[in-house]
Amino acid sequence: MSRAADRLRVVLNHLDRPGAVRASFTSGQNVSYHHPQALRYTFDTDLLSPEQRIAYEEDGFILIKNLVSEEDIDRFRAEFERICKREVKVPGLVVMRDVAIARSEFMPDQKAVSKLQDFQEDPELFRYCALPQILKYVECFTGPNIMAMHTMLINKPPDAGKKTSRHPMHQDLHYFPFRPADRIVCAWTAMERVTRQNGCLVVLPGSHRGALLEHDYPEWEGGVNKMYHGVRNYDPTHPRVHLEMEKGDTVFFHPILIHGSGMNQTPGFRKAISCHYASADCYYIDVQGTTQENIAKEVHELAEKKYGVDDSVTFAVRKTTGGHVRHLNFSCVFIVFFTVVRRIVYMYYLEQ
Ligand SMILES: CCCCCC(=O)SCCNC(=O)CCNC(=O)[C@H](O)C(C)(C)COP(=O)(O)OP(=O)(O)OC[C@H]1O[C@@H](n2cnc3c(N)ncnc32)[C@H](O)[C@@H]1OP(=O)(O)O
Ligand SMILES: O=C(O)CCC(=O)C(=O)O
């Protein structure tokens, strides 16, 4: 270990000792999960090294190599294929097609699927969200009571020539009407080798320390996928990092971190699986009058059109236990983030 790392460890030990200044939390449940004021984004659970904690604090993301086994990933891939072939039907699942491909008559159906969203009712895919090795890291950011909030399997298609396979630079918090942001984290696992060629994630290190910015559709000539909003104004000179990853590597990142992904310039699909987690202490906010109002409106419109929902819709809550990490799974579609969310949290507390 380097001398600098040794020094860092000593400083962190001092800061972490009982009686040191603590950050405040939204409930007493996290009392033993303190972190020193200087470290705002991470908890000490004996998993992250001092260097890793500092890296996440400074950059807003951390990449862990080889976290998910080849066997698990192959099982997720097989389940994805079963879903595409309609061999299994998953309640609440949102199947997205790339806008350029959806409008093509010639693409066989399963190839057109660019993303599955809200797979929490698929036990095989949902295993990803409950993998102990993932939850151990999640706990470093959310604290011990963890909720799975949003799930995706992203199947970035070979670009159809319109550059629609790109995902504009954005902050995930734009889609989440709950807070505090620092207690939310995304786990994103490469299901195969991801490179600049096939459209790896691109992040702006340190941008998680900024505010949630205004988002809207980018003005792209070839079209933009539904709800793929981009950050309106960000510093184009901000350093960018392309996260090239091997199968099974996992990146954890903060919901204010500005990120996106490039065009897939290869003939193959680029797959990744991800889950957004939050502390059970997170609370929902009213997004009226905030920058999130535009996405809330769009989600409501889509929900009305597709499901005819109103605020009286009820959603089930399922609870699972994984070691000492309590893990909640919301049975919800994307829309509940903006509609009946308060009820779900309330039900959770009633169950205690
Ligand atoms: C926190 C992390 C957030 C991550 C950020 C995100 O991922 S944000 C992205 C989240 N996105 C979503 O949740 C979108 C969910 N998607 C959907 O609900 C659906 O895929 C859809 C509404 C876009 C289309 O569903 P439908 O079942 O109506 O599909 P259908 O095939 O009948 O198409 C209806 C019309 O929509 C067009 N269409 C289809 N897919 C589209 C797409 N991705 N973007 C734009 N338009 C699309 C079709 O060409 C068609 O247009 P015409 O009528 O002109 O022929
Ligand atoms: O996997 C990708 O290409 C980008 C995913 C992403 O940023 C998102 O869905 O929010």
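Counting starts at 1 for both ligands and their atoms, following the listed order.
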*Asks:* Do NZ/NE/NH1/NH2 and the carboxylate oxygens of Glu79 and Arg82 come within less than 4.0 Å?
*Replies:* yes
*Asks:* Can you figure out which of Ser274, Pro168, Ser261 has its heavy atom closest to atom 3 (O) of ligand 2?
*Replies:* Ser261
*Asks:* Is it the case that ligand 1 has an N or O less than 3.5 angstrom from some N or O of Lys305?
*Replies:* no
*Asks:* Considering His170, Met96, Gln117 one by one, which has a heavy atom nearer to atom 6 (C) of ligand 2 than any of the others?
*Replies:* His170
*Asks:* Distance under 4.0 Å to a non-hydrogen atom of Met152: what atoms of ligand 2 satisfy this?
*Replies:* 8 (C), 9 (O)
*Asks:* Salt-bridge test for Glu293 and Lys297: reply yes if a basic N is under 4.0 Å from a carboxylate O, no otherwise.
*Replies:* no
*Asks:* How far is atom 8 (C) of ligand 2 from its nearest protein heavy atom, and which residue and atom is that?
*Replies:* His167 CE1, 3.5 Å
*Asks:* Quick check: His229 with His215 (ring centres under 6.0 Å apart)?
*Replies:* no
*Asks:* What's the shortest heavy-atom distance between Ala272 and Trp188, and which atoms?
*Replies:* CB-CZ2, 3.3 Å
*Asks:* Checking ring-ring contact (aromatic ring centres under 6.0 Å, His included) against His276, which of Tyr175, Phe141, Phe176 comes through?
*Replies:* Phe176
*Asks:* Can you sort out which atoms of ligand 2 are near Arg270, meaning under 4.0 Å from one of its heavy atoms?
*Replies:* 1 (O), 2 (C), 3 (O)
*Asks:* Can a salt bridge be assigned to the pair Glu246 and Arg193 using a cut-off of 4.0 Å between side-chain N and carboxylate O?
*Replies:* yes
*Asks:* Heavy atom to atom 46 (N) of ligand 1, shortest distance: which of Val99, Leu302, Val94 holds it?
*Replies:* Val99
*Asks:* Give the numbers and elements of all ligand 1 atoms closer than 4.0 Å to a heavy atom of His167.
*Replies:* 5 (C), 6 (C), 7 (O)
*Asks:* Looking only at heavy atoms, is any part of Ala272 under 4.0 Å from ligand 2, and if so is it the side chain, the backbone, or both, or is it neither?
*Replies:* neither
*Asks:* Measuring from atom 4 (C) of ligand 1, which candidate in Lys115, Arg97, His174 has the nearest non-hydrogen atom?
*Replies:* Lys115
*Asks:* Within a distance under 4.0 Å of any heavy atom of Lys115, pick out the atoms of ligand 2 and give their elements.
*Replies:* 9 (O)
*Asks:* Would you say Trp188 contacts ligand 2, with heavy atoms under 4.0 Å as the rule?
*Replies:* yes
*Asks:* Considering Tyr175, Phe176, Tyr228, which one's heavy-atom position lies nearest to atom 9 (C) of ligand 1?
*Replies:* Tyr228
*Asks:* With a 4.0 Å cut-off on heavy atoms, is Val95 touching ligand 1?
*Replies:* yes
*Asks:* Is Lys226 salt-bridged to Glu298, going by a charged N under 4.0 Å from an acidic O?
*Replies:* yes
*Asks:* Is there at least one pair of N or O atoms, one from Gln117 and one from ligand 1, spaced under 3.5 Å apart?
*Replies:* yes
*Asks:* Lys156 heavy atoms, cut-off 4.0 Å: which ligand 2 atoms fall inside?
*Replies:* 3 (O)
